[in-house]
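Just follow the structure's listing: the first ligand is 1, and inside any ligand the first atom is 1. In this chain, residues are counted from 1 in sequence order. Note that this is a predicted model, so its numbers are computed, not measured.
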Amino acid sequence: MSEKRTAPTVVLGVTGCIAAYKACELARECMRRGMRVKVVMTENATRFVGATTFRALTREPVAVGMWDEAAAPVQHVSLAEEADVLVIAPATANVIAKLACGRADDLLTTTALATEATLVLAPAMNVHMWRDEATQANLEALRARGAIVVPPESGELACGEVGEGRLAEVGDIADAVEAEARRSRDLEGSRIVVTAGPTLEPIDAVRHIGNRSSGKTGFRIAEEAARRGAAVTLVTGPTHLPDPFGVVTVRVTTALEMHAAVIEAAEDVHAVIATAAVSDFRPAAPQTGKVKKDAFPSAIALERNPDILAELGEAKGRRVLVGFAAETADVVAHAREKLAAKHLDLVVANDVSEPGLGFGADSNRVTLVTADGAEELPVMGKRALARVLLDRISPLLLPRG
Ligand code: PMT
C-alpha cells in the first residue's frame, strides 16, 4: 500500500464459526500489508475467540455490542464512516442471510447496512448449508449489490464432512481486501461529470416526448466514483432517485438544459461519463397551455437537439469521454460507430432488447467497446457495473491535481 497516504481502514467483522480463530491471522496479514484493522465481533464469535486477542493484535478497541465504546456514541455509524473496506471473515450462513435482507440487529449488521464501503465476504460453514439454495440465493443478491465473495475451499470440515465450506486461504482473503482498499481511493484528485436519466421535451404544458430511463445507471456510477474519492457532478434529467451522497447533483428537464449544464460542468474535468438518454429531437413549437384534444395536431414538427457528447468530443482535450449506447440490434457495431463519430474513449453498448435489462431495470448486459476491442460483460447489477466501468476508466485518467 502507498505509504504517503493515511493507511486504509479495514473493518473486520468476525462471526460465530469454528474458523473465527483464522480472523486473527487475517488481521495480522492486513496490518502487514499496511492497512489499519478495526474488529467488530458478534456475540457468538466471542464463544470461539476472545476480544482481547484482537485488541492485542490490532492495538485498536474491539466492538461487540452496539454501545460498547462510550467514546463513539453511535458506534455503527462511526465504524461505517471509517471503513474503506468491510470484510466479514468468517461469514456464517446466518450473517449472509441477514445481510441479504437488510437485517440490522447487532453492531456488525448495522455497520454493514450503514457503510458505503465495499463488502467482502469470506463464507465458512457446513457443506450442506453452503450448497443450500437459500445461501446461494442470498450470496447472489449480495453480489448483485456489489459485494465481493471469496469462495470457501473444499476439504475436510470441522464437522467431519468433506466438501466446500472451509474458510478461504487467509492470503486470498487479504488479496481481495487489499484490492478493495486500493479501489476505494483510486479516483482521489479526479473530477468527473456523469449524466443520467431521460430528457423530457415539452409538446405543451402537460405533454412531452421522453423515454424510460430511470437514471439508476448514472446514479450508481456517480455514487461509486464519489466513494472512490472523485469530485463528481451529476447532471440528471427527471428521476425519482434521491441525490447521491457526496455528489453535486444538477437537475434538468430538457436536452437544451442538460446541454448547458454539462458544457459548463465539463470545463475542467478528467472524465465525462454520459449515461443519459438524451432526446435527439424536440417539438419545434411547444405550446404554453394544454392543447385540447380536438385541436391536437396529427403531426408534430420536430427539430434537432444538440448532441452533447459529440460536442465535447469536438474539443476533447485530455478528458476521457465515455458514452452509452442503448441498442436493440448490432449492438457492438453501432457502438463502434459512436466511438469514432463522437471521438470517445469507450462506449458502453447495452442491449436493451431483453426484457428486464437496461431502461429502468436493476441490471444491464453490456459490452465495453474501445478502439482496441470489445469486452462482453455478464448480466450484472448496476452497482457492480459501476465498479467495473470505473476500474476500466481509472487508469485512463491523467495525473490528478
Ligand atoms: O437510466 P437507466 O434506467 O439505468 O437506463 C440506463 C440506460 C439504458 C439509459 C443507459 O444504459 C443507456 O444506454 N444510455 C444511453 C441511451 C442512448 O440510447 O444513448 P444514444 O445512443 O441516444 O446516445 C449515445 C451517447 O450520446 C449517450 O452517451 C448519450 O448520453 C449521448 N447523447 C445522445 C444524444 C444527445 N443529444 N446528446 C448526447 O450526449
(Q) Let's go through Thr199 and Glu201 carefully: what are the C-alpha distance in whole Å and the side-chain angles of both, what is the deciding distance for side chain to side chain donor-acceptor pair (under 3.5 Å) to 0.1 Å, and is it a yes or a no? (A) CA-CA 6 Å; Thr199 63; Glu201 309 303 325; 2.8 Å; yes
**Q.** Within-shell test, Glu311 vs ligand 1, heavy atom, strictly < 4.0 Å
**A.** no
(Q) Using a 3.5 Å cut-off on N or O atoms only, is Thr275 in polar contact with ligand 1? (A) yes
(Q) Please report whether ligand 1 has a polar contact with Arg212, defined as an N or O pair separated by less than 3.5 Å (distance criterion only). (A) no
(Q) Between Glu25 and Lys22, does any NZ, NE, NH1 or NH2 come within less than 4.0 Å of an OD or OE carboxylate oxygen? (A) no
Q: Could you tell me the residue and atom name of the protein heavy atom closest to atom 11 (O) of ligand 1, and the distance to it rounded to 0.1 Å?
A: Asn350 OD1, 2.5 Å
(Q) Below 3.5 Å, N or O to N or O, backbone or side chain included: is there any such pair between Ala325 and ligand 1? (A) no
Q: For Glu60 and Arg55, run salt bridge (charged side-chain N to carboxylate O under 4.0 Å, His left out): C-alpha distance rounded to whole Å, both residues' side-chain angles, the deciding distance at 0.1 Å, then the answer.
A: CA-CA 6 Å; Glu60 297 274 358; Arg55 185 176 180 84; over 6 Å; no
(Q) Testing Asn364, Asp362, Thr239 one by one against Lys216 for a side chain to side chain donor-acceptor pair (under 3.5 Å), which residue passes? (A) Asp362
Q) Okay, side chain of Thr111, backbone of Leu107: is any donor-acceptor separation there less than 3.5 Å? A) yes
(Q) Please list, in number order, the atoms of ligand 1 under 4.0 Å from a heavy atom of Gly323. (A) 28 (O)
Q) For ligand 1, is there an N or O atom under 3.5 Å from any N or O atom of Pro306? A) yes
**Q.** Lys98/Asp106 ion pair, N-O < 4.0 Å
**A.** yes
**Q.** For atom 28 (O) of ligand 1, closest protein heavy-atom neighbour
**A.** Ala274 O, 2.6 Å
Q | Top protein contact for atom 30 (O) of ligand 1, by heavy-atom distance | A | Ala276 O, 2.6 Å
Q) In terms of residue, atom name and distance, what is the protein heavy atom nearest to atom 24 (C) of ligand 1? A) Phe324 O, 2.9 Å
Q.
As an exercise, identify every atom of ligand 1 less than 4.0 angstrom from a heavy atom of Gly215.
A. 1 (O), 2 (P), 3 (O)
Q) Please state which protein non-hydrogen atom is closest to atom 39 (O) of ligand 1 and give its distance, to 0.1 Å? A) Leu309 N, 2.9 Å
(Q) Assess, by modelled atom type and distance only, whether the side chains of Arg228 and Ser190 contain a donor and an acceptor separated by less than 3.5 Å. (A) no
Q: Verify the distance criterion only: is there a donor paired with an acceptor across the side chains of Asn211 and Ser213 at less than 3.5 Å?
A: no
**Q.** Donor-acceptor side-chain pairing of Glu180 and Thr118 below 3.5 angstrom
**A.** yes
Q) Tell me, which protein residue and heavy-atom name are nearest atom 17 (C) of ligand 1, and how many Å apart are they? A) Ala326 N, 3.7 Å
Q: With heavy atoms of Lys382 as the reference, note each atom of ligand 1 found under 4.0 Å away.
A: 2 (P), 3 (O), 4 (O), 5 (O)
Q. Considering only heavy atoms, which of Ser214, Pro198, Ser363, Ala255 lies nearest to atom 2 (P) of ligand 1?
A. Ser214
Q. Which residue and non-hydrogen atom of the protein lie closest to atom 6 (C) of ligand 1, and at what distance in Å?
A. Thr217 OG1, 3.4 Å
**Q.** Whether Asp280 lies under 4.0 Å from ligand 1, heavy atom
**A.** yes
**Q.** Audit row: Asp345, Lys316, salt bridge (charged side-chain N to carboxylate O under 4.0 Å, His left out) steps and yes/no
**A.** CA-CA 10 Å; Asp345 295 280; Lys316 183 173 185 298; 2.9 Å; yes
Q) Between the side chains of Thr9 and Arg36, does any donor sit under 3.5 Å from an acceptor? A) yes
Q) When you check the gap from the basic side-chain N to the acidic O, do Lys292 and Asp294 get nearer than 4.0 Å? A) no
Q.
Suppose I only count heavy atoms of Asn364 and a 4.0 Å limit; which atoms of ligand 1 are within that range?
A. 11 (O)
Q) To which protein heavy atom is atom 37 (N) of ligand 1 closest, and what is the distance rounded to 0.1 Å? A) Ile308 N, 3.1 Å
Q: Measure the spacing between OG1 of Thr254 and CD1 of Ile209 and express it to the nearest 0.5 Å.
A: 12.0 Å
**Q.** ligand 1 contact by Gly197, heavy-atom criterion under 4.0 angstrom
**A.** no
Q | Ala277 N/O to ligand 1 N/O under 3.5 Å | A | no
Q) Judging by distance only, is a nitrogen or oxygen of Lys342 under 3.5 angstrom from one on ligand 1? A) yes
